[in-house]
Chemist: 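Please find one structure pasted underneath; my questions will follow.
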Amino acid sequence: MDRKNFAFDKYNFILLTIGMIVVIVGFILMSGGSSTEAGYNPDIFSVRRIRVAPVVCFLGFIFMVYAIIRKPKEK
């Protein structure tokens, strides 16, 4: 097969993988305990879960869009 026919090169796939890892880290930062009827958990409104995690996810998605749009270098 001719490598010129591929839309992505190895670097694009590496960037996509990094972006996906960043998004997964953002979702892990959002996780945690929840409030129940028996007890209130104020941690659901922490800065990490409300501000930091969504920004990390957003940056990961932007990074993945860049990896998709990036044009491979011609040899």
Chemist: Say you draw a straight line from OG of S46 to CZ of R51; how long is it, rounded to the nearest 0.5 Å?
Modeler: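 S46 atom OG to R51 atom CZ measures 11.0 Å (nearest 0.5 Å).
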Chemist: Are V23 and F61 close enough, and set up right, to give a side chain to side chain contact (heavy atoms under 4.5 Å, CB included), and what steps lead you there?
Modeler: CA-CA 7 Å; V23 170; F61 284 123; 3.8 Å; yes
Chemist: I would like to know whether L29 and R49 meet side chain to side chain contact (heavy atoms under 4.5 Å, CB included); could you show each step before the answer?
Modeler: CA-CA 6 Å; L29 288 173; R49 292 172 89 178; over 6 Å; no
Chemist: Please check if I24 and F27 belong to a single hydrophobic cluster, counting links between Ile, Leu, Val, Met, Phe, Trp and Tyr side chain heavy atoms closer than 4.5 Å.
Modeler: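 In one cluster with I24: F27, yes.
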Chemist: Roughly how far, to the nearest 0.5 Å, is CG of N12 from CZ of R70?
Modeler: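 The distance works out to 4.5 Å.
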Chemist: Is there a path from F45 to V52 through hydrophobic residues (I, L, V, M, F, W, Y) whose side chains come within less than 4.5 Å of each other?
Modeler: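 No, separate clusters.
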Chemist: Give, for atom CZ of F58 and atom CZ of F63, the distance between the pair rounded to the nearest 0.5 Å.
Modeler: 14.5 Å
Chemist: Kindly compute the distance separating CD1 (I14) from CG (D9), expressed to the nearest 0.5 Å.
Modeler: 8.5 Å
Chemist: Decide side chain to side chain contact (heavy atoms under 4.5 Å, CB included) for C57 and M30; before the verdict, give the C-alpha distance in whole Å, the side-chain angles of both, and the deciding distance to 0.1 Å.
Modeler: CA-CA 10 Å; C57 286; M30 273 191 244; 3.6 Å; yes
Chemist: Would V47 and V25 show up in the same hydrophobic cluster when neighbours are defined by side-chain heavy atoms closer than 4.5 Å?
Modeler: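 Yes; tracing contacts between hydrophobic side chains, which count when under 4.5 Å, links both residues.
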Chemist: Can I68 be reached from V22 by stepping across I, L, V, M, F, W or Y side chains whose heavy atoms are under 4.5 Å apart?
Modeler: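 No; tracing contacts between hydrophobic side chains, which count when under 4.5 Å, never links both residues.
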Chemist: Enter the distance from I69:CD1 to Y66:OH here, rounded to the nearest 0.5 Å.
Modeler: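 Result: 10.0 Å between the selected atoms.
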Chemist: Can you measure from CG (L15) to CZ (F8) and round to the nearest 0.5 angstrom?
Modeler: 10.0 Å
Chemist: Treat each ILVMFWY residue as a node, draw an edge where side-chain heavy atoms are under 4.5 Å apart, and state whether I18 and F13 are in one component.
Modeler: no
Chemist: Can you tell me if CE on M64 sees more than 12 non-hydrogen neighbours from other groups inside 6.0 Å?
Modeler: yes
Chemist: Looking at every heavy atom in both I50 and I44, which two are closest together, and how far apart are they?
Modeler: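 So the two residues come closest at CD1-O, 3.8 Å.
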Chemist: Is it the case that the side chain of R48 and the backbone of A53 share a donor-acceptor pair, with hydrogens and angles ignored and the cut-off at 3.5 Å?
Modeler: no
